[in-house]
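Just so we're clear, the structure is a prediction, and the values are computed from it rather than from any experiment. Labels below follow one simple rule: chain letters A, B, ... track the order of the sequence lines, proteins then strands, and each chain is numbered from 1.
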Amino acid sequence: MADKAQRVRGTQDIFGEDAARFEAVVAAFDRVRKLYGFRTVQVPMFEFTEVFARSIGETTDVVSKEMYSFEDRGGESITLRPEFTAGISRAYLSNGWQQHAPLKLAAWGAAFRYERPQKGRYRQFHQLDAEIVGAAEPASDVEIIAFAHQLLSELGLADKVVLQLNTVGDAETRTAWREALIGYFSKVRGELSAESQERLEKNPLRILDSKDERDKAFVVDAPKIDAYLTAEAGGFFDKVQAGLQASSVPFARTETLVRGLDYYRHTAFEFVTTHLGAQGTVLGGGRYDGLIEALGGPPTPAVGWAAGIERLSMLIEAPAVETVDVAVIPMGEAAEAAAMGVLQQLRTGGIAAEQAWRGNMKKRMAKADAIGARVAVILGDDELAAGEATVKDLKTGAQTRVALTDLTAAIKN
RNA sequence: GCGACCUUAGCUCAAUUGGUUAGAGCGCCGGUUUGUGGUACCGGAGGUUGCGGGUUCAAUCCCCGUAGGUCGCCCCA
């Protein structure tokens with residue numbers, strides 16, 4: 001079927017139960033976000049390539065080989081967003097949103113990454129995103145993590161995920177720790193996995209969460225960040241942990257948790273599950289105090305997270321199927337014409353209604369069941385002549401004649 | 001980017017060591033006397049076996065390529 005219309009690899013057509021799951025996740029996000037005072041923001045789906053290159057880091061995989069970049073007709077290099085943080089930070093600068101700081105923002109939508117598709121991993125995927133820009137206080141870290149925790153709890157995932165928490169320290173800490181790690185791993189370089197030998201050059205921190213047994217043996221005794229934390233960084237992390245405890249948000253200190261993207265400082269966290277195979281991270285984030293500066297702005301503290309909507313969708317219980325309350329069943333041509341008016345009356349009255357317009361009476365009743373209707377409005381020549389309709393309660397089977405003008409009220413009761 | 005497995009009706013799956021009209025369930029359409037349902041029974045439509053090539057008298061089944069999916073690595077949500 002070479003000619004059969006085919007969708008682009010790694011994209012999805014979300015429908016039926018999948019669509020209901022997706023919607024349930026977004027609805028929960030929108031509900032909880034309001035409880036925490038996060039305002040919605042819409043930023044472009046594409047930006048100048050430079051926005052992502054400068055903020056995420058030229059050497060990262062995301063930038064160096066996973067972006068959907070193209071030249072537009074004006075000759076500008078444009079990139080489909082691979083994540084939300086860079087675009088939101090850019091918007092913060094472009095629009096002078098410093099005046100609103102600290103600014104709590106929530107966004108959701110599509111993001112794009114050219115990767116090998118797997119379960120829970122797509123080339124066009126969808127994220128929930130939360131950011132607090134312009135707040136250096138550890139309380140903001142606590143708040144945004146509490147937000148994430150409540151969201152996951154309301155999605156029924158409290159027992160399926162674990163919050164892993166770590167700090168990568170401030171710039172000074174990070175530099176010192178990084179040097180120590182490079183020194184330590186360089187001595188055993190030859191015994192590391194090929195991937196980790198490469199990481200040693202590009203991103204030594206990531207050796208810590210390697211899955212390779214050869215690496216794990218050395219990771220155990222690798223320099224710990226706690227020994228390199230400055231007094232300030234250590235104090236910050238203490239306050240975050242205390243705040244989480246006060247907020248009843250359970251977490252597991254995970255010393256090997258590091259961030260792949262360059263802009264992170266201090267707090268790093270991930271909600272991880274064992275129910276999605278290799279795609280364990282369901283929500284991840286941290287503090288990125290260095291990012292806005294990297295975009296050419298003033299030093300601006302910020303903290304945020306992103307969650308994969310598809311991954312969350314796969315974990316939650318299936319939502320109840322959507323139903324339509326009323327099925328209007330006309331029999332005969334005159335009734336079919338009259339049904340239009342009945343439908344309009346019901347719908348404008350706030351009642352979900354559909355018309356069964358195909359097949360004999362039996363088929364139409366079956367249609368009523370199929371859409372989950374609890375009431376059938378039957379319209380035939382008899383009823384029409386009397387200006388009435390037969391209203392049938394599909395649970396009890398009870399039928400009553402109701403004047404057409406009273407239909408909406410009668411069904412609402 | 002690397003490795004492995006998978007790909008048969010709209011959906012989920014069958015088809016004996018390659019053998020001649022590729023089956024079932026669900027769904028869909030129609031019917032079981034003319035306006036009453038979620039069950040049952042009967043009938044029907046629907047497939048160039050992902051696509052391309054090769055081996056063979058013969059391929060859904062073997063080989064190669066290609067596209068997509070799945071699992072792992074990498075990376076990450």
Considering only side-chain heavy atoms of [X], which listed nucleotide, [options], is closest?
X	options	result
Arg121(A)	rC75(B), rU36(B), rU70(B)	rC75(B)
Asp61(A)	rC76(B), rC75(B), rA77(B)	rC75(B)
Pro117(A)	rG1(B), rG69(B), rC75(B)	rG69(B)
Lys392(A)	rG37(B), rG1(B), rG31(B)	rG37(B)
Lys362(A)	rC75(B), rU32(B), rU36(B)	rU32(B)
Glu66(A)	rC76(B), rA77(B), rC75(B)	rC75(B)

If the [atom1] atom of [N] is compared with that of [M], how far apart are they to the nearest Å?
N	M	atom1	result
rU8(B)	rU70(B)	P	14 Å
rC73(B)	rA14(B)	P	28 Å
rU60(B)	rU16(B)	C1'	14 Å
rG69(B)	rU12(B)	P	15 Å
rC29(B)	rU66(B)	P	43 Å
rC57(B)	rG1(B)	P	40 Å
rU56(B)	rG19(B)	C1'	12 Å
rC6(B)	rC51(B)	C1'	16 Å

OP1, OP2 of [N] versus side-chain N and O of [X]: anything below 4.0 Å?
X	N	value
Arg311(A)	rA77(B)	no
Gln118(A)	rG72(B)	yes
Arg116(A)	rC74(B)	no
Lys211(A)	rC73(B)	yes

Salt bridge present between [X] and [Y] (N-O < 4.0 angstrom):
X	Y	answer
Glu198(A)	Arg206(A)	no
Asp289(A)	Arg287(A)	yes
Arg253(A)	Asp226(A)	yes

Touch check for [X], heavy atoms < 4.0 angstrom, all strands: base, sugar-phosphate only, or nothing?
X	value
Gly10(A)	sugar-phosphate
Asp129(A)	nothing
Gly397(A)	base
Gly284(A)	sugar-phosphate
Arg7(A)	nothing
Leu128(A)	nothing
Arg113(A)	base
Asp212(A)	nothing
Ala368(A)	nothing

For [X] and [N], what is the distance between atoms [atom1] and [atom2] respectively, to the nearest whole Å?
X	N	atom1	atom2	value
Gln12(A)	rG69(B)	CD	P	10 Å
Phe29(A)	rA77(B)	CZ	C1'	13 Å
Lys119(A)	rC76(B)	NZ	C1'	18 Å
Asp13(A)	rC11(B)	CG	P	13 Å
Phe52(A)	rC76(B)	CZ	P	16 Å
Leu80(A)	rA77(B)	CG	P	17 Å
Asp209(A)	rC75(B)	CG	C1'	10 Å
Asp393(A)	rG38(B)	CG	P	16 Å

### Query
Considering residues at least two apart in sequence or located in another chain, which fulfil the side-chain contact (heavy atoms from CB on, under 4.5 Å) criterion with Asn95(A)?
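With neighbours one apart ignored, the set is Ala91(A), Trp97(A).
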### Query
Mind checking what makes side chain to side chain donor-acceptor pair (under 3.5 Å) contact with Ser77(A), not counting sequence neighbours?
Thr49(A)
#### Entry: Selection residues 299-308 of chain A - residue pairs positive for side chain to side chain donor-acceptor pair (under 3.5 Å), sequence neighbours left out
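Those involving residues 299-308 of chain A do not exist here.
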### Message
Enumerate the side chain to side chain donor-acceptor pair (under 3.5 Å) contacts for residues 365-379 of chain A, please, sequence neighbours excluded, ordered by first and then second residue.
### Response
none
Quick check against the 3.5 Å criterion: does [X] have a side-chain atom that pairs as donor or acceptor with the backbone of [Y]?
X	Y	answer
Arg265(A)	Gly290(A)	no
Arg214(A)	Ser193(A)	no
Gln164(A)	Thr256(A)	no

#### Entry: Residue mapping more 5' on RNA chain B - nearest nucleotide basis, Lys395(A) or Phe271(A)
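Comparing both residues, the 5'-ward one is Lys395(A).
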### Query
Mapping Glu115(A) and Glu383(A) onto RNA chain B by nearest heavy atom, which one lands closer to the 5' end?
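Nearest-nucleotide comparison on RNA chain B picks Glu383(A).
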### Message
Just to be sure I follow the notation: if a pair is Watson-Crick (purine N1 to pyrimidine N3 plus N6-O4 or O6-N4) or a G-U wobble (N1-O2 and O6-N3), each under 3.5 Å, what dot-bracket string does RNA chain B give, with | for pairs to another strand?
### Response
(((((((..((((.....[...)))).(((((.......))))).....(((((..]....))))))))))))....
### Ring center gap for Phe251(A) and Phe269(A) short of 6.0 angstrom
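Distance test on ring centres: not under 6.0 Å, no.
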### Sorted by number, the residues of residues 186-200 of chain A with heavy-atom contact under 4.0 Å to RNA chain B
Glu195(A), Arg199(A)
#### Entry: Asp72(A) atom CG: more than 12 heavy-atom contacts under 6.0 Å
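Enclosed.
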### Row check, Phe84(A) ring normal vs Arg81(A) NZ/CZ: under 6.0 Å, within 45°
yes
